There are 2 protein chains.
Amino acid sequence: MTEALDPTAARRAAILDAATGVFLRYGFKKTSMDDLARAAGLSRQGLYLSFATKEALFKEAVAHLTASVRAASVAALGREDLGVEERLLGAFEAVHGIALGQPGSEHMNELLETAIQLIGPSVGDMERALVSDVARLLRSSGVAARWKEAGISAKDLAEHLDATSYGMKHRVATPAEYRAAMRTAVQIICRGAPG
Amino acid sequence: MTEALDPTAARRAAILDAATGVFLRYGFKKTSMDDLARAAGLSRQGLYLSFATKEALFKEAVAHLTASVRAASVAALGREDLGVEERLLGAFEAVHGIALGQPGSEHMNELLETAIQLIGPSVGDMERALVSDVARLLRSSGVAARWKEAGISAKDLAEHLDATSYGMKHRVATPAEYRAAMRTAVQIICRGAPG
DNA sequence: ACTTGACAACATTGGCTCCGGTTGTAAAGT
DNA sequence: ACTTTACAACCGGAGCCAATGTTGTCAAGT
């Protein structure tokens, strides 16, 4: 489905790919159009032929990014070859920053913040979408039903996990610590039940 | 037990009480000795009769603060008239900022940070003490035992709660949101069990 | 015992200019 | 269709200077 694009659209997509990487590494303010041009393999003016302003390029890059992050988390949640715990873990690692091991997820937070106050709060939709996706999985897998009798809904559980992820993201030094803490949180939800 | 202090010690304690309040409201840098003097109800030089420098006063004030926070959390954990959930909740609210509703917990974090890089990492002991206190309660109340078979230790549970608290504390979170999220987290731990 | 008033030394702040870098546009080249 | 070069407008940071605020000390008062 990514085949029959007219060449200009393909070029735009290539530019966006390169741009998201650079933005992710250096943040918004610290990347110049020169940097983006070099990363995309063309001249600075080449960019202006495809994108009117830096801000416009940024907006589309963020949309590109959030879309692929969302796709990654949805894909993680849908992997039926894995258990529920692994799927949840994968989804949260996906939103945390695409490749947790690779460099490049550094400025994810700053990026989303500037995007929010530049584009609008619609950017935050991804986060809310993740929460409801997670809640859905918790329901369909039967996990949520087990917590119901304690007065804790699927949404509560999902938001709890999201909050924990947020906390880890900001507190923790290393990806390994994040992974370990999130694993514990997920295990508590998935293996536990009231009674 | 706060009766038979010699008068100079009593004065110092009164000053520290006032100082912790002011520091908590305005942070370290933004409070002047004048402010502290006014809050303590004496002149600026009166302070220098009891404390050599602003830094010394600050150190003792932080010690004062952490001690009373610790005492409050220990007291909350020990209230045998309440259930385990309420006790845990109370303990975390205590460390979050003494009175969650009252103004004054604003600069708690900044305060502890500057204290750490001014006094040393010993300030962080309070946090670790809380974690082990919580773990102890989880063990003695039988909650931890129920999670053991899932490979989750009391320390894991306690650190999970601490991490969640940290996350909430740093998120946008109004006190009400913090309270609600922590309640959910505590309920999950206390009402749930593997199986 | 504590206050008042005054003091030098120092840190912080605000305003100011200057300068390099960046954006967006335009022309001419290939 | 894209590059190269050039350019006006703008912004942010570096550096400096004056003004203000703050600390810690002192002497004298009550």
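Only a predicted model underlies this, so the values are computations on that prediction, with no experimental measurement involved. Within every chain, numbering begins at 1; the chains are lettered A, B, ... in the order of the sequence lines, protein sequences first and strands thereafter. These values consider heavy atoms only, across backbone and side chains, with no hydrogens, waters or symmetry-generated copies.
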- Message: Could you measure the distance from the OG atom of B:Ser43 to the CE atom of B:Met33? Nearest 0.5 Å is fine.
- Response: 10.5 Å
- Note on the structure: One should read off an interatomic distance between B:Arg25 CZ and B:Asp35 CG, to the nearest 0.5 angstrom, of 11.0 Å
- Salt-bridged, B:Arg191 to B:Glu85, with N to O below 4.0 Å? yes
- Message: Can you measure B:Ile15 atom CD1 to C:dC2 atom C1' for me and round it to whole angstrom units?
- Response: 11 Å
- In short, B:Thr31 meets B:Lys54 closest at the heavy-atom pair O-NZ, 2.9 Å
- Message: Is it the case that over 12 heavy atoms from other parts of the model lie below 6.0 angstrom from the OH atom of B:Tyr26?
- Response: no
- Task: Can you tell me the distance, in whole Å, between the CZ atom of A:Phe51 and the C1' atom of C:dT23?
- Result: 17 Å
- Message: Rounded to whole Å, please give me the gap between CG in A:Leu47 and C1' in C:dA26.
- Response: 17 Å
- Message: In whole Å, I'd like the distance from the OH atom of A:Tyr26 to the P atom of C:dT22.
- Response: 13 Å
- Query: Within this structure, what is the NZ-to-C1' distance between A:Lys30 and C:dG21, rounded to whole angstrom?
  - Reply: 13 Å
- Side-chain donor-acceptor pair under 3.5 Å between A:Thr53 and A:Tyr48, yes or no? no
- Note on the structure: Output for pair (A:Lys59 NZ, A:Ile119 CD1), nearest 0.5 Å, gives 6.5 Å
Short N/O separations, protein against nucleotides 5-10 of chain C, under 3.5 angstrom:
residue	atom	partner	partner atom	Å
C:dG5	O6	B:Gln45	NE2	3.1

- Task: At the 4.0 Å heavy-atom cut-off to chain B, mark where contacts on DNA chain D begin and end, going 5' to 3'.
- Result: D:dT23 to D:dC26
- Task: Output the distance between atom OG1 (B:Thr164) and atom CD (B:Glu159), rounded to the nearest 0.5 Å.
- Result: 11.5 Å
- Going by the angle between their ring planes, with limits at 30° and 60°, are A:Phe58 and A:Phe23 parallel, tilted or perpendicular? perpendicular
- If you look at every strand shown and take non-hydrogen atoms under 4.0 Å, does B:Ser32 touch a base, only sugar-phosphate, or nothing? sugar-phosphate
- Query: Atom OH of B:Tyr48 to atom P of C:dT3: distance rounded to whole Å?
  - Reply: 14 Å
- Note on the structure: Taken to the nearest whole Å, CZ/A:Phe58 to C1'/C:dT22 is 17 Å
- Rounded interatomic separation in angstrom, taking NZ from A:Lys54 and P from C:dG24: 8 Å
